[in-house]
Q: 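Attaching a single structure in structure tokens format; questions to follow.
In this chain, residues are counted from 1 in sequence order.
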Amino acid sequence: MTFRPSAVACACLAFVILSFAAAAAQDVPDAAAQSATEGEAEPGKSADRAARQFTITLAGDTGYSPHMAPVNPRTSSKSGRSLTFEQAFAPISRDVNGELNFVNVETVITERNDLPRDTKGQGKPFNFRSHPNGFAHLVKNGVNLFSLANNHSMDFGEAGLRDSLRHATTLMKTGLKAHAGVGLNREEASRPKLVTANDAKVAFSAIGIVTNNLARHRAGNDKPGQIAYRFDEDFRHSVDRLKTEMKADYRALSIHYGVEGLVRADADQLSNWRREAKDGVDLIIGHHAHVVRGVEMTDNGALIFYGLGNFMHHGTADITGNHVCRSYGLFARVHVAEAADGTWRTRAVEAIPVTNVHISPRRYSSVEQSHFRVHALNYLGETLDNSASGARGMRFTPQADGSGLFCVEDATSDGGKIGALCKGWRPAPAIPASLRQTIAGSCAR
């Protein structure tokens, strides 16, 4: 007997087939729609990635008032000129535009002129003090990260250190995000600070040299002072805390160290800083030598500034007439973004040579003179190339505004500020032959 489906059964089967076909059609886009969406991020992903970026600006040694000059609540005098805090900072203020903006505070912050100075075991010591109103003005204009760890933190002894801490803490109420490197005891002085920049959590710590390695200037368990870079136990303790003590997306370490006047980093500096950059520190911010040193990116994407030079330091000499390698300070913008794997990495760096750093920093009015310094910085970058460590000195491409720019290879894909900045970027050209000999002589040591 042959089975024949009924009319009702056929109708049911047809309905089922049509239902599956409709469902399949909903799951598979037509060719035009597939072509339009192929290779695009999920809706919202591009915008999210562009938003998950931050910029940190970096400036070097900063302080108002020359050696032993009385502090003044409104002005500072230098080289026969008297400037208000507003006048001194105004020419560079527009460049201080990151989510985080760093300076090294190379002075005691105090309103007092009666504090006894500490001669620091030196025959001709330099002692710097600055009125808190000067740093309040910087904070009001965006500066929000202070390193207090350097060889001038104890210029006026423990009383001066306590004043610096008191005023820096007060500035936390008006915009300062963090200060680091000194404290009322060893735990406080070595404590890393956690700040936010857009969606990123940034751990920040600071350490610096102590003049003549004086024990009285080092922080102890129950003694105010500074964490001292040249003591291995201090350095290890501070860096280990930065790496392990708090959950952070990006870790920045300020180090005040280096032989003054030398534009080349010494072997210990290269070895120690590269080691830490390989092992969890994303950004090392160097200063102290009062001259600019090279910039380096390690093969894991960490960034090292071996020396920013001066920024706005009224206690230092006028270097504008020096040979090219020793005639300027470096102001930098570091642009950081979150990668697809959730890590935050440096994606672009702007190098801005600044002049007049002994009183009122500003960009060079001549693009040509600014580019001359960018080429000098690139020359120092060449000296940092190291095949054994995988490190490469950074070379900056001269830009129309006089700055230098470096972008990692695929930074344009980041979108947002970084994508726009790096659009059309090309690697740095060779140093012009007409400048190389002059630069080589100036940057020899």
Q: Would you say Glu368 has more than 12 foreign heavy atoms packed within less than 6.0 Å of its CD?
A: no
Q: Determine whether Leu377 and Phe396 satisfy the following criterion, side-chain contact (heavy atoms from CB on, under 4.5 Å), listing intermediate values before the conclusion.
A: CA-CA 8 Å; Leu377 185 60; Phe396 296 91; 3.6 Å; yes
Q: Do you know which of Arg363, Arg333, Lys417 makes salt bridge (Lys or Arg N to Asp or Glu O under 4.0 Å) with Glu350?
A: Arg333
Q: Quick one: closest heavy-atom pair of Gln87 and Ser82, and the distance?
A: OE1-O, 4.2 Å
Q: With a sphere of 6.0 Å drawn around CZ of Phe126, does it hold more than 12 non-hydrogen atoms of other residues, nucleotides or ligands?
A: no
Q: Run the numbers on Val239 and Arg236 for side-chain contact (heavy atoms from CB on, under 4.5 Å), then give the verdict.
A: CA-CA 5 Å; Val239 174; Arg236 190 76 268 139; 3.5 Å; yes
Q: Using a 6.0 Å cut-off, check whether atom CD of Glu409 has over 12 heavy atoms from anything other than its own residue.
A: no
Q: Between His287 and Phe311, is a ring-ring contact (aromatic ring centres under 6.0 Å, His included) present by the stated rule, with each step listed?
A: CA-CA 10 Å; His287 35 81; Phe311 176 59; over 10 Å; no
Q: I need the single residue from Arg275, Glu276, Arg274 that forms a side-chain hydrogen bond (donor to acceptor under 3.5 Å, both in side chains) with Asn272. Which is it?
A: Arg275
Q: On the 0 to 90° scale, with breaks at 30° and 60°, tag the His152-Phe128 ring pair as parallel, tilted or perpendicular.
A: tilted
Q: With a 3.5 Å cut-off and no angle check, do the side chains of Asn141 and Ser93 form a donor-acceptor pair?
A: no
Q: Do the rings of His288 and His290 sit parallel, tilted or perpendicular, given the 30° and 60° boundaries?
A: tilted
Q: Can you confirm whether the side chains of Thr55 and His335 place a donor and an acceptor under 3.5 Å from each other?
A: yes
Q: Arg345 and Asp282: salt bridge (charged side-chain N to carboxylate O under 4.0 Å, His left out), yes or no, with the steps?
A: CA-CA 8 Å; Arg345 290 294 180 197; Asp282 299 291; 2.9 Å; yes
Q: Which value, rounded to the nearest 0.5 Å, describes the distance between Thr298 atom OG1 and Leu384 atom CG?
A: 12.0 Å
Q: Just checking Arg426: does its CZ atom have more than 12 heavy atoms from other residues, nucleotides or ligands closer to it than 6.0 angstrom?
A: no
Q: Please answer whether the main-chain N or O of Asp279 pairs with a side-chain N or O of Lys243 as donor and acceptor at a distance below 3.5 Å.
A: yes
Q: Walk me through whether Glu382 and Arg436 qualify under salt bridge (charged side-chain N to carboxylate O under 4.0 Å, His left out).
A: CA-CA 12 Å; Glu382 292 178 5; Arg436 177 170 280 276; 2.9 Å; yes
Q: Mind checking the CG-CD1 spacing from Leu165 to Ile109? Nearest 0.5 Å is all I need.
A: 9.0 Å
Q: Does any N or O in the side chain of Ser442 come within less than 3.5 Å of the main-chain N or O of Cys325, such that one atom is a donor and the other an acceptor?
A: yes
Q: Are Phe135 and Tyr64 close enough that their ring centers fall under 6.0 Å?
A: yes
Q: Given the rule in the side chain to side chain donor-acceptor pair (under 3.5 Å) test, do His358 and Asn310 qualify, once you have shown the distances and angles that lead to the verdict?
A: CA-CA 7 Å; His358 63 293; Asn310 296 334; over 6 Å; no
Q: Run the numbers on His217 and Asn212 for side chain to side chain donor-acceptor pair (under 3.5 Å), then give the verdict.
A: CA-CA 10 Å; His217 289 180; Asn212 289 336; over 6 Å; no
Q: Is the side chain of Asn104 donor-acceptor paired with the backbone N or O of Ser254 at a distance under 3.5 Å, no angle test?
A: no
Q: Students often mix this up, so state it plainly: with edges at 30° and 60°, are the rings of Phe54 and Trp344 parallel, tilted or perpendicular?
A: tilted
Q: Distance-only, no hydrogens or angles: does the Arg373 side chain make a donor-acceptor pair with backbone N or O of Gln369 under 3.5 Å?
A: yes
Q: Under 3.5 Å, is there a donor on one side chain and an acceptor on the other for Gln269 and Tyr257?
A: no
Q: Between Asn300 and Ala277, is there a donor-acceptor pair closer than 3.5 Å when you use the side chain of the first and the backbone of the second?
A: yes
Q: Would you find a donor on one side and an acceptor on the other, under 3.5 Å apart, between the side chain of Arg218 and the backbone of Ile227?
A: no
Q: Would you tell me whether Ser327 and Asn322 have side-chain atoms, one donor and one acceptor, within less than 3.5 Å of each other?
A: no
Q: Checking Arg293 against Phe305: charged group under 6.0 Å from the ring centre and within 45 degrees of the axis?
A: no
Q: Can you see whether His167 engages Glu111 through a side-chain donor-acceptor pair at a distance of less than 3.5 angstrom?
A: yes
Q: Got more than 12 heavy atoms from elsewhere within 6.0 Å of CG, Asp222?
A: no
Q: Just wondering, do Arg264 and Thr383 contact through their side chains at under 4.5 Å, heavy atoms?
A: yes
Q: Would you check if there is a donor-acceptor pair between the side chains of Thr320 and Tyr328 at a distance under 3.5 Å?
A: no
Q: So does Lys201 have more than 12 non-hydrogen atoms from other groups sitting under 6.0 Å from NZ?
A: no
Q: OG1/Thr110 to CG/Asp163 distance, rounded to the nearest 0.5 angstrom?
A: 3.5 Å
Q: Set out, in order, the CA-CA distance, both residues' side-chain angles and the distance that settles side chain to side chain donor-acceptor pair (under 3.5 Å) for Ser76 and His314, then state yes or no.
A: CA-CA 8 Å; Ser76 179; His314 296 186; 2.8 Å; yes
Q: Check the pair Arg241, Glu187 against salt bridge (charged side-chain N to carboxylate O under 4.0 Å, His left out), reporting the backbone distance first and the verdict last.
A: CA-CA 10 Å; Arg241 292 190 73 181; Glu187 189 283 326; 2.8 Å; yes
Q: Do the side chain of Trp273 and the main chain of Ile304 share a donor and acceptor less than 3.5 angstrom apart?
A: no
Q: Should Val295 and Leu330 be marked as a side-chain contact (heavy atoms from CB on, under 4.5 Å) after you check the CA-CA gap, both sets of side-chain angles, and the distance that decides it?
A: CA-CA 11 Å; Val295 185; Leu330 181 62; 4.3 Å; yes
Q: Once rounded to the nearest 0.5 Å, what's the spacing between atom CG of Leu83 and atom OG1 of Thr75?
A: 8.5 Å
